[in-house]
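Below is one structure; the comments refer to it alone.
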Amino acid sequence: MMPETVLACDTTQGACSAALWHRGEVVAARLDEMQRGHAEALLPCLAEIKRGAPDIWARIDALAVTVGPGTFTGVRVGVSAMRGLSLAMGVPVAGFCTLQIMALGGVSPRRRLVAVDARRDTYYTQICTKEGTPCEAPTARSLADCLAIGADDGAQMAVIGTGATAICTPENTRFSVDAAPPWPQASVLATHAASLSMHELAALPATPLYLRPPDATLPDPQKSLTFADAQGRGAP
Amino acid sequence: MSAKSINVLGLETSCDETAAAIVRLTPDGGPSGLRGEILSNVVLSQIDLHAPYGGVVPELAARAHIDHLDRLVANALEEADCRLQDMDAIAATAGPGLIGGVLIGLTTGKALALASGTPFFAINHLEGHALTARLTHGVAFPYLLLLVSGGHCQLCRVDGVGDYTLLGTTRDDAVGEAFDKAAKLLGLGYPGGPEIEARAMHGDARRFVLPRPLIGHHDSGCDFSFSGLKTALRQRAVDLQPISAEDICDLAAGFQAAITDCLVDRCRRAMEKFADTTDAPAPASSKRLVVAGGVAANQHLKHALEDAAHRAGFTLSVPPPALCTDNGAMIAWAGAERYHAGCAGDADLDAPARARWPLSEKIF
């Protein structure tokens, strides 16, 4: 069975977007560019969609959200909102890789490289076909590794995402900037989710995808005091 | 002001506990005019996750909150035998706390409110602690509050919902933070409070007499300071190396005694101020000192405060330990109190998460 009405949102990168798809078309969509403030913007954005189309909102039978990679906080804002809506509305929520949704939004006829600048010489990347179908799992790469993609066969690639600035320089002639927005679009996400069956959507958990471990450092044992009884440590 | 019972769902994710709870507020004729009932109170502690690091790692905490919160909300509803549609309001902590975690509870709460058409309240975590004694003990306004936890240490006068006057706060570490750091120094586990208390029971507090910062400083008001005490503990410990089990117990006892003396001294001052500034002096039996926050579970401290309160003509009220540490019931109750008092909720669902959010701008 296919969904009839899908609500989708993305807050993983430089925009906050939401879209409502109903019976073959996107009936409401909003996209606001922002580097921060997604948490404050998302629920008012969804509330506006609900107010604008209450009858269609009442028929939502599937939810879709980008799960990353992206900013840690942005990923969790979208996922927690949609998981909350899922619980309250009693409809399933499906999670989609941010990079795949960006690739699907591409417009170039070339093979696509999605590359999101995650700083510290790390790019969240995914190589996709010219139709936007992923050829690999999402991968964290350095700039040098990005530039080595397709070097063997001299492949021409269209780059989507904030990483295009560093990759598509005059020296790197194999790479060109795709005209698509450098962040995911909820309207693309909603349309893609609506193309899947309810069974397929149920197999896509809305669980964050980080690609980078948390900043957490274990205490340095060299800096600790010395104890007469290392095992007991003051056990009464 | 509503005269019927109010059911509120509360979410708490500001530190290392993921929590959801449902409380019911019923207006009645008791001292506070309200009766509180906890219908469910689900808490998932992250202590095991953070213990190897000797403290809370914010990014680990946020990742754990989002993995579990929606399931805990479902559990809280099921335990209370309620549906979301039975809620009169939804409340979530909006700060202060670790921003990554706060955002998860706040965003989830807003989404639940949007979908169910229920009013939403963005709650100050400190207000949750401040009002818990009204849920558990039916305490009437006004009262004196000592809030002692891993992130906070302050004395407040509580005159009503949203009506708080700060009498004193810490100038450096929170008291729970001081316990955690002392425990880490002594090679003990996390959280540090219970570890220090357990060792102190077998130690001699007189062997190491540690400083009592700010006691005797008449211009310090009711403020606290613990960083000097922590440094003194480190110096004693360094000098003792290699440190024996007996040393650790004695150091823990000395540290706990110093902290207790500081808290008791500041509370004595605050009780004097409270009595002086209460317009119509209440009967002695109704003057209350409420202690909230995770450190309130320390029995040594509780006994010392009981004695000090008694001498000052106050009654000490301490919520049970499960409601002193972070929980959803206190957030739900704060939301219920606000709803009952006719406060406006966050109708636009745009309340920000705040890493810092003082309980009150009013300072005595």
Given a strict heavy-atom distance threshold of 4.5 Å, which part of [X] is in contact with chain B: side chain, backbone, both, or neither?
{"X": "P208(A)", "value": "side chain"}
{"X": "L46(A)", "value": "both"}
{"X": "T217(A)", "value": "backbone"}

Against chain A, work out which of [options] has the most heavy-atom pairs shorter than 4.5 Å and name it.
{"options": "L251(B), L103(B), I104(B)", "result": "I104(B)"}
{"options": "D70(B), L240(B), L60(B)", "result": "D70(B)"}
{"options": "V57(B), L114(B), D67(B)", "result": "L114(B)"}

**Asked** Sub-3.5 Å donor-acceptor pair from the side chain of K110(B) to the main-chain atoms of A81(A), do we have one?
**Response**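 Absent.
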**Prompt:** Hey, is the main chain of T226(A) close enough, under 3.5 Å, to the side chain of Q241(B) for a donor-acceptor pair?
**Reply:**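 It does hold such a pair.
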What distance separates [X] [atom1] from [Y] [atom2], expressed to the nearest 0.5 Å?
{"X": "D350(B)", "Y": "C45(A)", "atom1": "CG", "atom2": "SG", "result": "12.5 Å"}
{"X": "T107(B)", "Y": "H38(A)", "atom1": "OG1", "atom2": "NE2", "result": "12.0 Å"}
{"X": "Y53(B)", "Y": "L218(A)", "atom1": "OH", "atom2": "CG", "result": "5.0 Å"}
{"X": "I243(B)", "Y": "S224(A)", "atom1": "CD1", "atom2": "OG", "result": "9.0 Å"}

Using heavy-atom distances under 4.5 Å, tell me whether [X] contacts chain A through its side chain, its backbone, both, or neither.
{"X": "L185(B)", "value": "both"}
{"X": "A353(B)", "value": "backbone"}
{"X": "D348(B)", "value": "backbone"}
{"X": "R63(B)", "value": "both"}

**Request:** Determine the option with the most heavy-atom pairs under 4.5 angstrom with chain B, choosing from A47(A), A39(A), P219(A).
**Result:** P219(A)
**Item:** Option passing side-chain contact (heavy atoms from CB on, under 4.5 Å) with L87(A) (candidates T108(B), L84(B), V73(B))
**Value:**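 Result for side-chain contact (heavy atoms from CB on, under 4.5 Å) with L87(A): V73(B).
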Neighbour count >12 (heavy atoms, 6.0 Å) for atom [atom1], [X]:
{"X": "E78(B)", "atom1": "CD", "result": "no"}
{"X": "M201(B)", "atom1": "CE", "result": "no"}
{"X": "D81(B)", "atom1": "CG", "result": "no"}
{"X": "D215(A)", "atom1": "CG", "result": "no"}
{"X": "R212(A)", "atom1": "CZ", "result": "yes"}

**Message:** Give me the atom names and distance for the closest heavy-atom approach of S244(B) to A228(A).
**Reply:**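 For S244(B) and A228(A), the tightest heavy-atom pair comes out as CA-CB, 3.9 Å.
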**Message:** For A115(B) versus M89(A), what's the shortest heavy-atom pair and its separation?
**Reply:**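 Closest approach of A115(B) to M89(A), heavy atoms only: CB-CG, 3.7 Å.
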**side-chain hydrogen bond (donor to acceptor under 3.5 Å, both in side chains) partners of residues 64-80 of chain A, not counting sequence neighbours, each pair once** =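 side-chain hydrogen bond (donor to acceptor under 3.5 Å, both in side chains) check on residues 64-80 of chain A returns D10(A)-T66(A), R76(A)-Y210(A), R76(A)-E59(B).
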**Asked** Is there side-chain contact between F227(A) and I248(B), with at least one heavy-atom pair below 4.5 Å?
**Response** yes
